[in-house]
Amino acid sequence: MIKNISLLGSTGSIGTQTLEVARMHGFSICALAAHSNVKLLEEQIREFKPALAAVYDEDAARDLKTRVHDLPVRVVSGMDGLCEAASIKEADIVCNAVVGMVGLLPTMAAVSAKKDVALANKETLVAGGSLVMQAAQENGVRILPVDSEHSAIFQCLQGCPHPSAVAKLILTASGGPFFGKSREELENVTPQQALRHPNWSMGAKVTIDSATMMNKGLEIIEASWLFSMPVSQIDVVVHRESIVHSLIEYQDYSVLAQLGVPDMRIPIQYAITWPERLPSPVKRLSLTELGTLSFYPPDEHAFPCLGLAKQAIQQGGLVPAAMNGANEEAVKLFLSEKISFLQIPELVEAAMKRQAPERPTTPQQVLAADQNARNFVLENTRL
Ligand code: NDP
Ligand code: MG
């Protein structure tokens, strides 16, 4: 199987692991894209020899051009550059591993260019799910999940002839670094503490989202779009070991789960090679070494983001876009120690209240709702 991949967000946690998968199986890389980490991008270009490299930041793009002037790679910049990489003719599949809403237009560009998308960038579906899924259907392309929970569900659904036979999707959550803490105990937690995830090594934004459990909230919305499932049929269960990656319950109450070591290279590879499976470099799962697996209900009082996300998707329209934009901005402020941990859900909730649940018909409307929510968060934070 020869695959030609356009990889957006190649310098990040998912991006570098995608390149490990590509290296192992000899997949080609026709385009790479990142925000500004030109040092790593240069190394990746020298190894994988893509025809196109997109750097969002204009100054960094100029720097990269100088660094790789001896190579036959075209360097482009800005959102146009990112969309060009997402729609490059040579790609069989576009892996979108950028972080944040900035991934929405490139996802739309890939879909319009009739490319299948291996999607790690969950914010794309949270903010613009209706537009992305409709465009994918119209263009006859697939959105293949990279997020481990959604990959698990996708794997459990293989061979299921009637989606209506599925009664429930059950997403597992690690619970993050603050599992078991009360709301009061969360008042003074620091970014350093929040960045210490027990099971996964990930980018800073998704790690903070895991600590607030907004990550699971975003994933409920992501699952609802990917698998056309109402939120009332999506459950969350805390599973500390991150071995059961998610489950589906059929109408007859038979439950299927996908298990494996917590290593993103499994779902990344499956999204790229689907429907085939190839050998993987990860550790084999040993159930006897683990002995026991534990499951708990989530604490929605201590972690209100979970409830907010459910509310957002139930209200629908542009509310999830506002929720996501407010969360992205609040996470940045928390990481730079400008707001407290518990202010993240407060600001998100307040931004959601200001957003009418109109249905977006264009990505520009989604971007506008996102921007309004961000402005609101910035204006309402005493800096
Ligand atoms: P990282 O922060 O590690 O990496 C983010 C990547 O996006 C970097 O390559 C960064 O480039 C790039 N990027 C950021 N902004 C832009 C921009 N404006 N234009 C182009 N590229 C940009 O994030 P992760 O890899 O952890 O996460 C990526 C996505 O995958 C997120 O949506 C996350 O929720 C999701 N995800 C991640 C998992 C994980 O295990 N890490 C698990 C499941 C989902 P640069 O380095 O130049 O800044
Ligand atoms: Mg996940």
Side-chain angles (χ1 to χ4, degrees), residues 6-20 31-44 53-61 63-64 76-86 95-107 109 117-127 145-154 171-176 195 197 199-210 212-223 226 236 239 242 244-246 258 262-268 271 324 327-328 331-332 335:
S6 167
L7 174 57
L8 316 180
S10 65
T11 50
S13 160
I14 295 288
T16 50
Q17 294 180 85
T18 305
L19 290 176
E20 283 176 38
L32 289 172
H35 176 266
S36 51
N37 184 350
V38 290
K39 189 167 176 289
L40 183 53
L41 204 50
E42 177 186 354
E43 283 170 30
Q44 294 177 342
V55 185
Y56 189 81
D57 183 90
E58 309 279 344
D59 291 338
D63 182 3
L64 184 72
V76 291
S77 63
M79 182 50 79
D80 288 349
L82 222 55
C83 290
E84 193 177 338
C95 298
N96 188 346
V98 306
V99 60
M101 246 293 282
V102 74
L104 177 64
L105 293 180
T107 301
V117 179
L119 190 68
N121 178 235
K122 62 190 86 185
E123 295 90 351
T124 280
L125 282 183
V126 171
V146 168
D147 214 346
S148 57
E149 295 77 2
H150 306 75
S151 175
I153 290 168
F154 183 57
L171 300 175
T172 52
S174 71
L195 284 169
H197 196 279
N199 303 339
W200 300 96
S201 154
M202 312 181 285
K205 196 263 173 178
V206 58
T207 308
I208 300 301
D209 284 346
S210 297
T212 60
M213 289 199 79
M214 177 55 97
N215 185 47
K216 216 46 56 180
L218 299 176
E219 290 183 358
I220 291 176
I221 301 178
E222 184 186 9
L226 281 171
V236 171
H239 163 49
S242 299
V244 177
H245 296 302
S246 279
Q258 185 260 339
D263 190 317
M264 285 307 294
R265 289 173 300 180
I266 300 176
I268 290 171
N324 180 71
N327 180 59
E328 282 192 31
V331 168
K332 273 192 216 158
L335 279 170

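Computation of the quantities below employed the complete heavy-atom set of this structure, encompassing side-chain atoms and omitting hydrogens, waters and symmetry-equivalent molecules. For ligands, and for the atoms within them, numbers begin at 1 and follow the listed sequence. Quantities reported herein were computed from a predicted structural model and do not represent experimental measurements.
Listed by chain and residue number, R265 satisfy the salt bridge (charged side-chain N to carboxylate O under 4.0 Å, His left out) test with E20 (two or more places apart in sequence, or in another chain).
Considering all non-hydrogen atoms of both residues, G81 and V76 come closest at CA-CG2, 3.5 Å. Here the closest heavy-atom approach between residue H245 and residue P262 is recorded as CE1-CA, 4.0 Å. When every heavy atom of I153 is checked against every heavy atom of S246, the shortest pair comes out as CG1-CB, 3.9 Å. What you find for A60 and V38 is that their closest heavy atoms are O-CG1, 3.2 Å.
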Which atom pairs, one a donor and one an acceptor, fall under 3.5 Å between side chains of residues 213-220 and the rest of the protein, sequence neighbours left out?
{"unit_1": "N215", "atom_1": "OD1", "unit_2": "K122", "atom_2": "NZ", "d": "2.6"}
{"unit_1": "N215", "atom_1": "ND2", "unit_2": "E219", "atom_2": "OE2", "d": "3.2"}
{"unit_1": "K216", "atom_1": "NZ", "unit_2": "E149", "atom_2": "OE2", "d": "2.7"}
{"unit_1": "K216", "atom_1": "NZ", "unit_2": "T172", "atom_2": "O", "d": "2.9"}
{"unit_1": "K216", "atom_1": "NZ", "unit_2": "E219", "atom_2": "OE1", "d": "2.6"}
{"unit_1": "E219", "atom_1": "OE2", "unit_2": "K122", "atom_2": "NZ", "d": "2.9"}

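No donor-acceptor pair under 3.5 Å is formed between the side chain of N96 and the backbone N or O of A120.
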Tabulated below should be the N or O atoms of ligand 1 paired with protein N or O atoms at under 3.5 Å; can you produce that?
{"unit_1": "ligand 1", "atom_1": "3 (O)", "unit_2": "S13", "atom_2": "N", "d": "2.9"}
{"unit_1": "ligand 1", "atom_1": "7 (O)", "unit_2": "V99", "atom_2": "N", "d": "3.4"}
{"unit_1": "ligand 1", "atom_1": "9 (O)", "unit_2": "G9", "atom_2": "O", "d": "3.2"}
{"unit_1": "ligand 1", "atom_1": "9 (O)", "unit_2": "T11", "atom_2": "N", "d": "3.3"}
{"unit_1": "ligand 1", "atom_1": "9 (O)", "unit_2": "T11", "atom_2": "OG1", "d": "2.7"}
{"unit_1": "ligand 1", "atom_1": "9 (O)", "unit_2": "G12", "atom_2": "N", "d": "3.0"}
{"unit_1": "ligand 1", "atom_1": "11 (O)", "unit_2": "T11", "atom_2": "OG1", "d": "3.2"}
{"unit_1": "ligand 1", "atom_1": "11 (O)", "unit_2": "H35", "atom_2": "N", "d": "3.0"}
{"unit_1": "ligand 1", "atom_1": "21 (N)", "unit_2": "H35", "atom_2": "N", "d": "3.2"}
{"unit_1": "ligand 1", "atom_1": "25 (O)", "unit_2": "S13", "atom_2": "N", "d": "3.2"}
{"unit_1": "ligand 1", "atom_1": "25 (O)", "unit_2": "I14", "atom_2": "N", "d": "2.9"}
{"unit_1": "ligand 1", "atom_1": "26 (O)", "unit_2": "G203", "atom_2": "N", "d": "2.8"}
{"unit_1": "ligand 1", "atom_1": "30 (O)", "unit_2": "A120", "atom_2": "O", "d": "3.3"}
{"unit_1": "ligand 1", "atom_1": "32 (O)", "unit_2": "E123", "atom_2": "OE1", "d": "2.8"}
{"unit_1": "ligand 1", "atom_1": "41 (N)", "unit_2": "S13", "atom_2": "OG", "d": "3.1"}
{"unit_1": "ligand 1", "atom_1": "46 (O)", "unit_2": "T11", "atom_2": "OG1", "d": "2.6"}
{"unit_1": "ligand 1", "atom_1": "47 (O)", "unit_2": "H35", "atom_2": "N", "d": "3.0"}
{"unit_1": "ligand 1", "atom_1": "47 (O)", "unit_2": "S36", "atom_2": "N", "d": "2.6"}
{"unit_1": "ligand 1", "atom_1": "47 (O)", "unit_2": "N37", "atom_2": "N", "d": "2.8"}

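For the side-chain contact (heavy atoms from CB on, under 4.5 Å) with L125, the lone residue among L104, L119, N324, D147 that qualifies is L119.
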Stepwise side chain to side chain contact (heavy atoms under 4.5 Å, CB included) check, S148 with M264
CA-CA 7 Å; S148 57; M264 285 307 294; 4.0 Å; yes
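Inspection of the environment of the Mg ion (ligand 2) yields the following protein N, O or S atoms under 2.8 Å: D147 OD1, E149 OE1, E219 OE2.
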